[in-house]
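Only heavy atoms go into these numbers, but all of them, side chains included; no hydrogens, no water, no symmetry mates.
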Amino acid sequence: MKKGFDLEEYGRQVRQGKNAAALEELASSEAGARLASQVDGEQLTQAVQQGDTQALASMLRLILSTPEGRSFAAQVEKAVQDGQ
């Protein structure tokens with residue numbers, strides 16, 4: 001049986017990567033705060049806890065539907081790749 005994606009484990013690995021500080025800075029940036037305000041935190045937490053990938057994908061589509069969201073996602077992806 002194929003194991004599902006473990007978001008908590010991925011988060012732990014990212015926090016231990018060499019670019020964890022860069023990711024923290026991105027998350028607490030003005031752009032990060034604006035994007036976070038577009039997502040209901042309680043709804044996000046519930047979707048993660050329940051493994052509701054459909055809800056998570058919907059939230060991600062909302063963020064990535066804007067140029068700012070796509071730019072932010074590219075910055076996060078680069079920081080994660082550089083940190084591994």
Side-chain angles (χ1 to χ4, degrees):
M1 177 185 283
K2 184 178 175 183
K3 183 179 177 187
F5 180 74
D6 186 340
L7 187 60
E8 288 183 30
E9 174 63 17
Y10 180 73
R12 186 186 64 72
Q13 289 174 1
V14 168
R15 286 189 298 278
Q16 292 178 347
K18 65 182 178 182
N19 282 355
L23 289 168
E24 282 291 326
E25 189 175 321
L26 278 170
S28 62
S29 70
E30 187 177 321
R34 276 195 308 273
L35 292 171
S37 72
Q38 294 178 16
V39 176
D40 181 325
E42 187 175 316
Q43 192 176 35
L44 174 62
T45 299
Q46 186 177 33
V48 169
Q49 289 174 341
Q50 295 176 352
D52 187 346
T53 56
Q54 209 168 25
L56 292 168
S58 177
M59 290 177 218
L60 186 56
R61 275 192 299 276
L62 173 68
I63 291 172
L64 295 177
S65 70
T66 67
E68 183 178 42
R70 288 188 297 275
S71 173
F72 187 81
Q75 291 174 51
V76 169
E77 181 179 21
K78 182 178 181 337
V80 168
Q81 288 175 350
D82 290 349
Q84 294 181 355

J.: Can you sort out the partners of R34 under side-chain hydrogen bond (donor to acceptor under 3.5 Å, both in side chains), two or more places apart, ordered by chain and number?
T.: E30, E68
J.: With no hydrogens and no angle check, is any side-chain donor or acceptor of T45 less than 3.5 Å from a backbone partner on G41?
T.: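 Judged by distance alone, yes, a pair lies under 3.5 Å.
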J.: Rounded to the nearest 0.5 Å, what separates atom CG in L23 from atom CD in Q75?
T.: 10.5 Å
J.: Once rounded to the nearest 0.5 Å, what's the spacing between atom CG of D40 and atom CD of Q46?
T.: 9.0 Å
J.: Shortest non-hydrogen contact from L64 to G69?
T.: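 Closest pair (atom of L64, atom of G69, distance): CD2-O, 3.8 Å.
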J.: Give me the atom names and distance for the closest heavy-atom approach of L62 to Q38.
T.: CD2-O, 3.4 Å
J.: How close do A79 and L26 get, heavy atom to heavy atom, and via which atoms?
T.: CB-CD1, 4.3 Å
J.: Quick check: closest heavy atoms across S29 and F72, and the distance to 0.1 Å?
T.: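 Reported closest heavy-atom pair: OG-CE1, 4.0 Å.
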